[in-house]
Amino acid sequence: MRRDGVVPNAYTFSSVLGACGTPGVLAAMHASTVKVGLDSDVFVRSSLIDAYMKLGDLDGGRGVFDEMVTGDLVVWNSIIGGFAQSGDGAGAIELFVRMKDAGFSANQGTLTSVLRACTGMVMLEVGRQVHAHVLKYEKDLILHNALLDMYCKCGGLQDADALFRRMLQRDVISWSTMISGLAQNGRSIEALRLFDLMKSEGVAPNHITLVGVLFACSHAGLVEDGWHYFKSMEKLFGIRPEREHHNCMVDLLGRAGKLDEAVEFIHEMSLDPDSVIWRTLLGACRMHKNANLAAYAAREILKLEPDDQGARVLLSNTYADLRQWTDAEKSWKAMKDRGMKKEPGRSWIELEKQVHVFIAGDLSHPFSDSIVQELNRLIGRINALGYVPQTEFVLQDLTIEQKEDLLKYHSEKLAIAFGTMRAMEGKPIRIMKNLRICGDCHAFAKLVSKSEGKAIIIRDPVRFHHFQDGACSCGDYW
DNA sequence: GTAGGGTTAG
């Protein structure tokens, strides 16, 4: 077209920008839009923002957005959606507030992205407010699916359940979301029952539905059921098991302590094992304290991804679990030499529409003094219920006192203490974590839920723990 | 008669 001397217009650019697969091509295309003076056209602008965001270039997208000479709702939606999709929920919500200040009112697209941002940050209360605006779009399935997912991932299972029942239409995504949501919240049996209901209503499952089903099995120790679904999924639903399903099986077997079967499964599967599969096995080895197999899995990961810090951390931790301090030390040193650091534990809690972040061992929160006081009070109360700090969850070679101190200031404990101080009467404390919860914090949360008569809900990267009256929804199986 | 933004697992 260019060779023929035809000058592209805004229609051309907005179509072509979506196809820019590399930063170089996009930059050239962006330059062309400027050259012909079309970069301020709202269609071109929203396409440009979207193209940058899809390549993961947040600054690039933001740059185009900030030149805002012209803008409309879709331009706002592009930038908000971009932030929400790249995991910057706080940024997305901030932009959403600015958008409203600028006099635009949200439509379905905006609300969907904002819900996704709420989901990412476990902002259930903000999500509930968004729900009020969703009501007028009762026919929008995408939006309702996003709302459903928000409730599931924020631990609002009752709301999710009620919404799911009320929805005017449900597609395979709605069903899959609800099935996974139940499974992640420790209600695997209900998840499988819902799967049966889905089939009886004639909705065809897809490969993601089956991931949810297998996830339900693996997180409830339902080894037989898991095997059954895995073996029959192709025949029954025409879905060939993919990587994710194989990974679920390794998780299912490994989590249940059948490590040999898990290894055998990996060796015999038709796909080449990737680092995700090995990482799943490694996690199971750590859970069941099999250092030799862990070392094997970690070496396989590092073969595929030499700079994988997760593998090195888990390997070090396994050695530490076994009190093999020299090997642990060596492994930590290998990390340091490669300039890698362990990601610090972080917990978030939403109180009065504000998100508070706690970092393990970091007492710089403005209310730290009273939080530590509250923590001591809680520990005193649960000591009476038989709490003993499980220092084996500290993965360094330290004295008992030092270990107890490290354990005491794990980020989720700080967040729980802040929660018991400040949370509303009768409302559960909701916390999100970046790492999986440790065994000591799990025991701590169980006992605090009992001593304070308060429900605590913790979301880690893969699942939820609902603590109430001294027990957890995971049944101590995670 | 031509164009831009949104949902599900790990």
Side-chain angles (χ1 to χ4, degrees), chain A residues 8-19 33 38 41-54 61 64-65 70-85 92 95-96 99 104 106-117 119 130 134 137 140-153 160 164 167 169-181 183-184 191 198 203 205-216 218-219 239 242-248 250-251 274-277 279-280 283 310 436 460-463:
Chain A
N9 64 10
Y11 286 81
T12 331
F13 279 119
S14 51
S15 304
V16 167
L17 277 165
T33 66
L38 281 172
D41 177 273
V42 285
F43 282 82
V44 173
R45 187 175 284 276
S46 60
S47 307
L48 269 172
I49 294 172
D50 190 48
Y52 276 109
M53 293 310 210
K54 287 216 167 95
V64 174
F65 177 78
T70 47
D72 68 355
L73 185 58
V74 179
V75 173
W76 277 102
N77 287 352
S78 304
I79 192 80
I80 293 172
F83 271 73
Q85 276 173 49
L95 283 159
F96 174 57
M99 180 191 110
F104 289 94
N107 69 1
Q108 294 108 303
T110 331
L111 296 175
T112 309
S113 296
V114 171
L115 281 172
R116 181 164 173 162
T119 309
V130 177
V134 172
Y137 301 112
D140 192 316
L141 189 51
I142 295 182
L143 180 53
H144 277 76
N145 285 343
L147 184 63
L148 186 64
D149 187 43
M150 185 280 292
Y151 279 129
C152 286
K153 294 240 174 59
F164 184 75
M167 278 166 67
Q169 317 128 283
R170 296 177 208 119
D171 62 0
V172 61
I173 295 181
S174 328
W175 287 95
S176 307
T177 304
M178 197 65 218
I179 289 170
S180 303
Q184 288 173 326
M198 172 182 180
V203 183
N206 64 16
H207 75 280
I208 294 175
T209 321
L210 265 299
V211 172
V213 169
L214 294 175
F215 183 95
S218 85
H219 283 258
I239 300 163
E242 291 167 43
R243 227 161 242 303
E244 296 87 336
H245 307 105
H246 287 82
N247 192 41
C248 285
V250 174
D251 191 48
D274 63 357
S275 61
V276 178
I277 296 258
R279 210 170 287 127
T280 303
R436 304 211 67 178
D460 75 15
V462 261
R463 67 171 300 157

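Just so we're on the same page: letters track the sequence lines, and every chain starts at 1.
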Base, sugar-phosphate, or nothing: which does [X] touch, judged by heavy atoms less than 4.0 Å apart?
| X | answer |
| --- | --- |
| A/Ala84 | nothing |
| A/Val42 | base |
| A/Phe215 | sugar-phosphate |
| A/Ser180 | sugar-phosphate |
| A/Asn107 | base |
| A/Glu242 | nothing |
| A/Leu143 | base |

Looking at B/dG4, does its base get a donor-acceptor pair with the side chain of A/Asp72 below 3.5 Å?
->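 Side chain to base: pair present.
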
Could a donor-acceptor pair under 3.5 angstrom be found where the side chain of A/Ser46 meets the base of B/dG4?
-> yes

Please work out which of the three classes, parallel, tilted or perpendicular, describes the rings of A/Phe104 and A/Trp76, given edges at 30° and 60°.
->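 The rings of A/Trp76 and A/Phe104 sit tilted, inter-plane angle from 30° to 60°.
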
Among [options], which nucleotide has an atom closest to any side-chain atom of [X]?
| X | options | result |
| --- | --- | --- |
| A/Val75 | B/dT2, B/dG10, B/dG4 | B/dG4 |
| A/Lys54 | B/dT7, B/dT8, B/dG6 | B/dG6 |
| A/Glu244 | B/dG10, B/dG6, B/dT8 | B/dG10 |
| A/Val211 | B/dT7, B/dG4, B/dA9 | B/dA9 |
| A/Ile173 | B/dG4, B/dT7, B/dG6 | B/dT7 |
| A/Asp140 | B/dG10, B/dG6, B/dA3 | B/dG6 |
| A/Ile208 | B/dA9, B/dT7, B/dA3 | B/dA9 |
| A/Phe43 | B/dG10, B/dG6, B/dG4 | B/dG4 |
| A/Gln108 | B/dA3, B/dG6, B/dT8 | B/dG6 |
| A/Val74 | B/dT7, B/dG4, B/dG6 | B/dG4 |

Return yes if some donor-acceptor pair links the side-chain N/O of A/His245 with the main-chain N/O of A/His207 below 3.5 Å, else return no.
-> yes

Whole-Å distance between [N] [atom2] and [X] [atom1]?
| X | N | atom1 | atom2 | answer |
| --- | --- | --- | --- | --- |
| A/Leu148 | B/dT7 | CG | C1' | 10 Å |
| A/Leu95 | B/dG6 | CG | P | 15 Å |
| A/Leu48 | B/dA3 | CG | C1' | 13 Å |
| A/Gln184 | B/dT8 | CD | C1' | 11 Å |
| A/Leu115 | B/dT7 | CG | P | 10 Å |
| A/Asn247 | B/dA9 | CG | C1' | 10 Å |
| A/His219 | B/dA9 | NE2 | P | 13 Å |
| A/Gln85 | B/dT8 | CD | C1' | 13 Å |

N or O in side chain of [X] less than 4.0 angstrom from [N] OP1/OP2:
| X | N | result |
| --- | --- | --- |
| A/Arg279 | B/dG10 | no |
| A/Arg116 | B/dG6 | no |
| A/Lys153 | B/dT8 | no |

What pairs with A/His219 under ring pair (Phe, Tyr, Trp, His ring centres under 6.0 Å), at least two apart in sequence or on another chain?
->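 Checked A/His219 against ring pair (Phe, Tyr, Trp, His ring centres under 6.0 Å); matches are A/Phe215.
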
Considering all heavy atoms of both residues, which atom of A/Met178 and which atom of A/Cys152 are nearest to each other, and what is their separation?
-> SD-SG, 4.3 Å

Between atom CG of A/Leu111 and atom CG of A/Asp140, what is the distance when rounded to the nearest 0.5 Å?
-> 9.0 Å

Please test A/Asp50 against A/Ser47 for side chain to side chain donor-acceptor pair (under 3.5 Å), starting from the C-alpha separation and ending with a verdict.
-> CA-CA 5 Å; A/Asp50 190 48; A/Ser47 307; over 6 Å; no

Sequence-distant partners of A/Asp460, salt bridge (charged side-chain N to carboxylate O under 4.0 Å, His left out), two or more places apart = A/Arg436

